[in-house]
Every structure is written in structure tokens, then in C-alpha cells.
Amino acid sequence: MTAAATTPATTAPTPRRGFRLSPAALIWPAMLYLILTTQVPFFMTVYYSFFRYNLAIPGSRPFVGFANYRNLLTDPQNLHILWNTVVLAGGTLILTLIIGAALALLLNRDFPGRALLRTLLISSFLIMPVVTAVVWKNMLMNPVFGFFSWVVTGLGGHPVDWLAQYPMASVIAMITWEWTPFAMLILLTGLQSLPDDQLEAARLDGASPWQEFRYVVLPHWTQAIQVVVLMETIALLQVYGEIYGSTSGGPGIATTNLPYFIYQKAFAEYNIGLASAAGVLTVILTNVLAVYMLRLLTRAGRGE
Amino acid sequence: MQAQIRLRNALLTLVTYLLAAAFLFPLVWMFMAAFKTEAQAFATPPVFVFTPVLENFQHALGSYFPALRNSLVAAVGSTVLAFILGLPAAFALAVYPTRRAQGVLTWMLSTKFMPAVGVIVPLFLIFRNLHLLDTLPGLILMYTTMNLPLVVWMMHSYMTEIPYAIYEAAKVDGASVGQEFFGIALPLSTPGMAATALLCLIFAWNEVFFALNLTNSDAAPLSVFISQFKTSEGLFWAQMSAAATLTVLPVLIFGWIAQRQLVRGLSFGAVK
């Protein structure tokens with residue numbers, strides 16, 4: 001990397017014939033594309049968020065300052081949606097980390113069929129979110145014919161209408177099923193890069209399995225854990241297809257998160273102003289959390 | 001002692017298999033239902049042994065093909081476009097790294113911190129004015145945005161692995177930047193390109209937010225097609241399962257093949 005940075009200066013001057021591309025010219029197309037499709041629309045979102053702007057009322061677009069934000073951050077309903085967003089992302093993140101870590105530790109042993117299991121276990125991550133949602137909603141969580149109700153009844157309980165009685169827990173369970181393979185995959189890769197001699201040395205020193213885990217495995221694991229936390233935080237704050245396909249944010253607003261709220265405001269109520277303010281809020285929330293996680297990540301990368 | 005360890009290992013293996021079975025169950029259940037009759041799919045207690053039928057697939061296929069075509073065009077188109085834009089950038093950042101290069105890379109990753117909901121409102125309005133709503137070019141444009149940072153990051157990490165001496169030798173021979181790119185960087189990073197392309201295809205195939213909000217019928221991909229079953233309220237489980245099976249199977253197979261490269265792409269190279 002550093003060699004690459006310094007060598008060009010010492011090589012003989014390249015002959016100037018024909019068309020010469022400068023490295024910057026190679027980077028700009030990608031940069032420009034991303035600026036045009038992400039930064040520009042985002043600034044437009046910020047702009048719209050200061051107006052009372054409804055597509056159903058054309059011609060009238062009064063500037064309202066921070067009124068949309070005030071509405072978002074004071075209306076108890078909207079605060080509930082903000083809270084839902086955090087609960088959904090946080091709850092799923094914690095569950096996927098715990099189950100993913102357990103699976104990674106179990107798969108980090110030698111046993112017959114290990115490679116096959118590892119391959120099969122990533123499946124739920126590859127499934128389209130809407131497929132997950134419609135299959136879980138209809139075939140597993142259906143109160144009358146669903147598989148889970150059959151299991152519960154078989155154990156002597158009463159059939160449960162999961163998505164109506166425990167909407168948030170059900171959605172979290174579903175999304176945990178989807179994201180656990182991601183955590184497992186990254187954590188397993190992290191484990192496999194741990195040199196055997198470190199564990200052996202700890203064992204020779206008479207470390208208990210717990211001490212071995214706490215003082216050898218865990219420090220080495222930190223970076224992988226932080227990657228999982230960072231990537232999942234970004235992705236889980238944006239969960240949409242699963243909710244669209246299963247509860248549609250309901251019952252009431254029990255499972256409405258910010259992305260689903262924005263979809264409703266913008267595309268059902270044409271309330272562009274409020275939807276934009278919620279969009280800006282989501283971006284701020286994501287960035288604050290992501291930047292914080294990224295800082296942890298770089299610190300771990302430096303080995304502190 | 002030895003026997004004790006062996007017993008413990010056997011138990012742990014059993015636990016692993018049971019957990020894996022639990023995780024795979026929803027999928028297996030869906031695959032099974034695809035081959036049942038509607039009555040069997042609904043039966044309580046559930047039917048585990050049955051004679052497979054294929055009629056659900058025939059039913060599902062009717063409306064499946066237009067959506068399949070849209071998914072294919074959007075996924076392949078956006079992957080190609082992301083490669084055209086991303087490969088030169090990855091090459092320049094890998095072979096001519098300046099202090100600014102790290103900043104550019106971080107900035108590109110940061111566009112991933114931008115939730116789609118933060119840009120959807122203006123994009124919807126722009127698309128409406130440009131008549132891009134419900135068109136495949138519109139969808140391709142958005143999926144390219146989604147995959148471009150991934151292409152740059154992954155290809156950057158593959159291209160930095162090419163020994164610099166090879167470029168040096170070419171430079172001495174008077175190779176231009178273009179010759180280095182087409183003659184060295186691209187041929188030597190072909191495996192990386194394959195892995196990156198698979199990931200891009202998977203992500204574009206599974207995307208649903210832009211698909212639902214920017215398409216309607218003409219350009220609706222499989223994710224929109226499948227979401228029609230959300231209100232079926234269990235009326236056509238077998239048919240739904242058949243359609244879902246057809247939708248997820250290509251991605252499953254691609255993902256299983258690319259599972260090792262998955263880690264690199266999903267973590268933007270932070271964990272290898």
C-alpha cells in the first residue's frame with residue numbers, strides 16, 4: 001500500500017503519447033453518479049422538509065420552518081413510531097448477535113457435515129424480505145392454520161394470533177431469523193482467523209474455558225462483532241419489506257417504523273413535507289449511530 | 001476423560017444440527033407446500049408426507065414470467081452499469097492511492113448510511129417528471145446507486161492485492177493508464193469480479209423498497225409480484241409457496257456458491 005504510494009514518483013517519466021487518463025478522471029464518473037443519486041436528492045429532501053407540501057393540494061407550498069420536525073418530535077404517535085424504529089433495530093441486533101455467536105462457536109468445531117450446514121445456514125439471509133414476510137405471516141403465524149399455532153395447541157396451549165397479539169415480538173422474531181446468518185457468517189470468519197497457538201498457549205497456562213473465551217477469543221472477536229453491529233444498525237433502521245409484507249405497520253401503529261411511516265405519509269397521504277422531515281430524521285439517526293459504530297471499529301482495528 | 005470429551009463433542013454436534021434444522025424449517029416448509037395441493041397445505045394437523053404435485057407451479061408461472069424478466073433486466077442492467085462506473089474508480093483508488101483516496105472510499109461507503117427513505121421523495125418527484133416511474137431504466141438507475149459503493153470497495157480490495165511490481169514493469173515498458181487497466185488490473189481480478197457481480201445480482205434481485213415505490217405494473221420485478229400474496233390471507237398457500245420458491249431459488253443457489261465471497265462483500269472487506 002505505502003510502496004504503491006511512493007513508487008510512481010521514482011519511476012522514469014512515462015512517454016506522453018496518445019490519450020492519457022488521469023486517475024482522478026477515472027474516479028469522477030462513480031463520484032458524480034453517487035452525488036447525483038444520493039446527495040442531491042437528500043438536499044432536496046431537507047429542502048422539502050421545511051414546507052407544508054402536499055401533492056393533493058397543488059399550488060400551495062408555504063414555508064413552515066421546523067413545524068414538520070416539531071410535529072414529528074412532539075406528537076406522541078410519531079414519537080411512538082420513532083421508538084418502534086429503535087426497538088425493532090435494537091432488539092433484532094441483540095438477538096442476532098447472541099444466536100449468531102452461539103452458532104458461530106458451534107460451527108467452529110470439526111464435525112461431519114460442517115461445511116454443508118454452514119452453507120445451508122446462510123439461506124434465510126438470501127431470501128427476499130417480502131417472501132419471508134408472506135411465508136411467515138400466512139403459513140407459520142396464521143392463528144388458525146399456522147404451524148406455530150399447531151405446535152402451541154399440541155403443547156396444550158391456546159392458538160395465538162401472533163401478529164395481532166404480539167406484533168412487535170413477532171416482527172422481531174421474523175427479522176432475527178433473516179439476519180442471524182449474517183451475524184453468524186461474519187463472526188465465524190472472525191473466529192477462524194484466530195491462530196490456534198494462542199488458544200493452545202492459554203490452555204497450557206491452565207485457563208478455564210470461560211477464561212479462554214474472555215481473554216483470548218473475545219478480544220480477537222471485537223472487530224467482527226463491530227462489523228456486525230455497524231452493518232446491521234444501518235440495515236435494520238431501514239427495514240421495510242418485512243413490515244410491508246406482514247403487518248403493514250399494524251395493528252394500529254404497533255409495528256410502524258420510520259421507513260414504513262415515510263412510505264405511508266408520502267405515497268398514501270401525499271404529505272411530502274412531513275415525509276421529508278421523517279426522511280431527514282432517519283438519515284440523521286442512521287449517521288449518528290453509524291459514525292459512532294465506525295469510530296469503535298477503527299479503534300478496534302488499531303488494536304486498542 | 002477421552003470418552004467424556006467425545007460425548008461432549010457428539011452432544012454439541014447434535015445441538016448444532018437441531019439448531020440448523022430449526023433455522024431451515026420455515027424454508028423447508030415453504031418448499032414442501034409448493035408441492036402440496038391447496039387442501040394439504042391448509043390441513044391441521046399439518047401434512048408431512050404427501051404425493052408431490054406440480055400444478056401450483058403451472059398456476060404461478062402465468063404471471064411469473066413478466067416479473068421474472070423485469071427482475072433479470074433490472075439486476076443484470078444495474079450490475080453492468082455499476083461495473084462500468086465502479087471498476088475504473090476502484091482501479092484508480094487501488095493503483096494510484098493518494099491521501100485523498102481513503103477519503104473518497106470512506107465517502108462512498110457513507111452513501112450506504114443514506115437510507116433509501118431519505119431520498120425517495122425527491123426521487124419519486126424527479127422520476128415522475130422525467131417519466132421514469134414504472135420503467136426498467138428507472139429501476140436500473142436506483143439499483144446502480146445501491147451497488148456502486150459495493151463494487152468500488154470490493155474491487156478496490158481485490159485490485160490492491162495485485163503485486164505492484166507488475167504495474168511497474170508495465171510502466172517501464174511505457175504502458176498507459178488505460179493499458180494498465182485493461183491489460184493488468186481487469187484480467188488479474190476476474191475472480192473478484194465474479195464474486196462482486198454475484199453479490200450485486202443478489203442485492204438487486206431482493207430489493208423491494210425502490211421496486212414498490214417506483215414501479216407499479218409494467219416494470220414490477222419479482223419482489224412486487226410476490227408482495228401481492230400478502231393479502232391472500234392463506235387462500236392460496238400452495239400457489240404462493242410455488243411462486244416464492246421460484247423467486248428465491250436462483251438467489252439461494254448463487255448465494256451458496258458465493259458464500260465465501262459473501263463475507264468480504266457484506267463487511268466491505270473489514271473481515272476477511
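Quick note: numbers below take in every heavy atom, side chains included, and nothing from hydrogens, waters or symmetry partners. Convention: sequence-line order gives letters A, B, ...; per-chain numbering from 1.
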Side chain from CB out, backbone as N, CA, C, O: work out which of these in [X] comes under 4.5 Å of a heavy atom of chain A, or both, or neither.
X: B:L81; result: side chain
X: B:I202; result: side chain
X: B:W205; result: both
X: B:T144; result: both

Nearest heavy-atom neighbours spanning [X] and [Y]:
X: B:M108; Y: A:A30; result: CE-CB, 3.9 Å
X: B:S267; Y: A:I186; result: CB-CD1, 3.9 Å
X: A:I272; Y: B:V121; result: CG2-CG1, 3.2 Å
X: A:V135; Y: B:M30; result: CG2-SD, 3.4 Å
X: A:N138; Y: B:F229; result: ND2-O, 3.5 Å

**side-chain contact (heavy atoms from CB on, under 4.5 Å) assessment of A:S123 paired with B:F23** = CA-CA 9 Å; A:S123 304; B:F23 252 87; over 6 Å; no
Best-contacting candidate, [options], against chain A by heavy atom pairs under 4.5 angstrom:
options: B:L212, B:V208, B:V224; answer: B:L212
options: B:P26, B:G255, B:A244; answer: B:P26
options: B:V151, B:V248, B:T247, B:T145; answer: B:T145

Strictly distance-based, threshold 3.5 Å: is any side-chain N or O of [X] a donor or acceptor partner for the main-chain N or O of [Y]?
X: A:T45; Y: B:G118; answer: yes
X: A:Y244; Y: B:F209; answer: no
X: B:N206; Y: A:L126; answer: yes

Measuring only between side-chain heavy atoms, which start at C-beta, is [X] closer than 4.5 Å to [Y]?
X: B:N9; Y: A:F111; result: no
X: A:M128; Y: B:V251; result: no
X: B:V177; Y: A:L26; result: yes
X: B:L266; Y: A:F125; result: yes

**Request:** Tell me, for A:W28 versus chain B, whether the close heavy atoms (under 4.5 Å) come from the side chain, the backbone, both or neither.
**Result:** neither
**Message:** What part of A:A266 gets within 4.5 angstrom of chain B, counting heavy atoms only: side chain, backbone, both, or neither?
**Reply:** side chain
Based on non-hydrogen pairs under 4.5 Å, which of [options] is most in contact with chain B?
options: A:L107, A:L237, A:T180; answer: A:T180
options: A:L55, A:D110, A:V280; answer: A:L55
options: A:L185, A:V228, A:T233; answer: A:L185
options: A:G245, A:S49, A:A235, A:A224; answer: A:G245
options: A:A278, A:G241, A:P259; answer: A:P259
options: A:L117, A:L103, A:T38; answer: A:L117

**Asked** Do the rings of A:F267 and B:F124 sit parallel, tilted or perpendicular, given the 30° and 60° boundaries?
**Response** perpendicular
**Item:** Derivation of the side-chain hydrogen bond (donor to acceptor under 3.5 Å, both in side chains) call for A:R109 and B:T13
**Value:** CA-CA 9 Å; A:R109 302 157 41 252; B:T13 304; 3.0 Å; yes
**Asked** Passes side-chain contact (heavy atoms from CB on, under 4.5 Å), A:L258 versus B:V117? Steps please.
**Response** CA-CA 8 Å; A:L258 276 170; B:V117 292; over 6 Å; no
**Request:** Begin with the C-alpha distance, continue with both residues' side-chain angles, and end with the deciding distance and a verdict on side-chain contact (heavy atoms from CB on, under 4.5 Å) for A:M44 and B:L125.
**Result:** CA-CA 10 Å; A:M44 288 172 74; B:L125 299 175; over 6 Å; no
**Message:** If we check side chain to side chain contact (heavy atoms under 4.5 Å, CB included) with B:P115, which of these qualifies: A:T286, A:I262, A:I234, A:L285?
**Reply:** A:T286
**Prompt:** If we ignore angles and hydrogens, is there a donor and acceptor under 3.5 Å between the side chains of A:T189 and B:R264?
**Reply:** no
**Stepwise side-chain contact (heavy atoms from CB on, under 4.5 Å) test for B:L141 and A:Y33** = CA-CA 9 Å; B:L141 286 176; A:Y33 192 91; 3.3 Å; yes
**Asked** Is the CZ atom of B:F254 crowded by more than 12 outside heavy atoms at less than 6.0 Å?
**Response** no
